[in-house]
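Beneath this line is the structure, given in structure tokens, with notes to follow.
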Amino acid sequence: MNRKNKRYISLRGKLLIAFLLFAALTVVLLWVFHTFLIDGIYRSLKSSEISSCEQYVLNNIGDDTGDENIKTVTSFASKKYGVCISAYRLIYEGGRKTGYHICDQHINSFCYIHNMSDDDVLNSLYRKTSAAGGRYSEEISISAMFGTRGNDEEGQNYILSVTVPGDGAEYFLIFNTELLPLSSTVSAIRIILIIITVILVIAAVLIAIPTSSMLTKTISDMSDEASKMESGDYNVRFDGGKCSDTVNLSNTLNRAAYQISKLDTMQKDLIANVSHDLRTPLTMIRGYAEVMRDIPGEANEENLGTIIDETEKMSSLVNDMLEYSKYHGTDMKPEITSFNISECIRETVARFSEITERDGFSISFRSAGDRIVSGDRDKIERVLYNLISNAINYSGESREIEIRQTDLTDARVKIEVEDHGIGIKKEDLPLIWDRYYKVDGYHSRDKSSSGLGLSIVKSILSMHNLEFGVMSEPGKGSIFWFIIDNAGKFVREKEIVHL
Ligand code: ADP
């Protein structure tokens, strides 16, 4: 899918839609409840009310089925549950079952049992109850009794009749509760629902607008700041407002902006430094070459040597840059083998023999014997080379460099490269490992300095997961160190070699 062509809804629009959907869902639920459920719920409440009344009466009559007891119990139950009750005692007389009215508990004037027109209705109800096994219920209307047609809902009753066997007789109890017409209640609820619907929609809009404005303002402010970054202005400040998510986002963006601006400054510095460092040897090469071309007898070994030295500086600078981009452009893994770190140190030091002899440097190596360690030999050699090279370049007047190899108690080996040169200020210490970082005024005149050497060291040691660090004091010198895993093999015993 082409994301560019896709139209996105704004945060404010989405929030508004969400609130309106919520309001709509609430309203729909209320309307469904009102339209389909209210009648059923009312009828089931009435049915359970009449059943509770029946249970109360039967429980309280118990074995005492005397007329007086039934009268007392039904009178109380009728008031307690708001249910009309009629009770009859049935006895056989002359071969026929005859019913004697014991009591009438009268609550509602529209009740069925108090408006029964004749005994036939009562007889019919009794037959239905007997046929149903002694308990019968029915919804019934008294409109027909009065011959009125009127509203079908009016005069609706719910009746429950039970037969209770007694001492020498049978009792017939009829419970009646009126089912009130719900139409007026329903109309009232409908008006309330319309009002609720309007209030919910207005509330949804009123809540959604300020909430979304608050959020969108924070985000659009951040987006404005991000646009500044896009056009190269890294002096930006993201404000995350008062929500934890946007505050987290703004903190991350502020850190990213800081890193990008630092990188930008460093890159500019690099271009300035590299072009300066390349221009100086190029100017010298050109100058010497012109002298050798124009002045007879100047094409001597010394001048050629200077040209070669300058080209070496240039190529070492270019190599540093290539190497740095190699470690940072790819996700390179070290090729771990076991190798003799002491031998590696001696070989690396030997690479500086020409400079040390020529310029009078002394590099000593102290160790308690050769050690076999695990690591990528070529890369560790590069680390040693960069550290020793820096020690030479920044050793000032002392010209003495000491490399120490120490066994640690946890079977690891610590390598230290110490010089007694210019040292590094405390505030610069955390920064020297950054790419392109160079402490102002410290790099020696002769050295082509890229500010990448320690950054390469850091990349290599980090990819090995090795501990490393520096201790330094301005004017006293520096000790750069790293700790490498011992592969567990000793080779030679204690030695101090001056190289
Ligand atoms: P450079 O090419 O400038 O030497 P590095 O990354 O190797 O770059 O070092 C970064 C900076 O750290 C150097 O410019 C220098 O200021 C400082 N530095 C590195 N090693 C030493 C040292 N042994 N003594 C003093 N300063 C050092």
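For the single chain, residues carry numbers from 1 onward in sequence order. Counting starts at 1 for both ligands and their atoms, following the listed order. Owing to the predicted nature of the structure, the values given are computational and were not obtained by experimental measurement.
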Considering both backbone and side-chain atoms of Ile422, is one of its nitrogen or oxygen atoms within less than 3.5 Å of a nitrogen or oxygen in ligand 1?
no
Judging by distance only, is a nitrogen or oxygen of Gly453 under 3.5 angstrom from one on ligand 1?
yes
Answer yes or no: are there more than 12 heavy-atom neighbours, outside Phe482 itself, under 6.0 Å from its atom CZ?
yes
Take a 6.0 Å sphere around NZ of Lys414 and say whether it holds more than 12 heavy atoms from other residues, nucleotides or ligands.
yes
Does at least one non-hydrogen atom of Gly423 fall below 4.0 angstrom from an atom of ligand 1?
yes
Please determine whether any non-hydrogen atom of Phe480 lies less than 4.0 Å from an atom of ligand 1.
yes
Among residues two or more places apart or on two chains, list those pairs meeting ring-ring contact (aromatic ring centres under 6.0 Å, His included) that have a residue in residues 368-392.
Phe352-Tyr385
Leu454 and ligand 1 - part of the residue with a heavy-atom distance under 4.0 Å
both
Pairs of donor and acceptor atoms involving the side chains of residues 460-470, under 3.5 Å and at least two apart or interchain, shall be tabulated with distances.
residue: Ser462; atom: OG; partner: Lys458; partner atom: O; Å: 2.6
residue: His464; atom: ND1; partner: Ile460; partner atom: O; Å: 2.9
residue: His464; atom: NE2; partner: Asp376; partner atom: N; Å: 2.9
residue: Glu467; atom: OE2; partner: Arg412; partner atom: NH1; Å: 3.3
residue: Glu467; atom: OE2; partner: Arg412; partner atom: NH2; Å: 3.3

Taking the side chain as everything from C-beta on, heavy atoms only, tell me whether Phe480 gets closer than 4.5 Å to Asn386.
no
Considering the heavy atoms of Leu452, write down every atom of ligand 1 situated less than 4.0 Å from one of them.
6 (O), 8 (O)
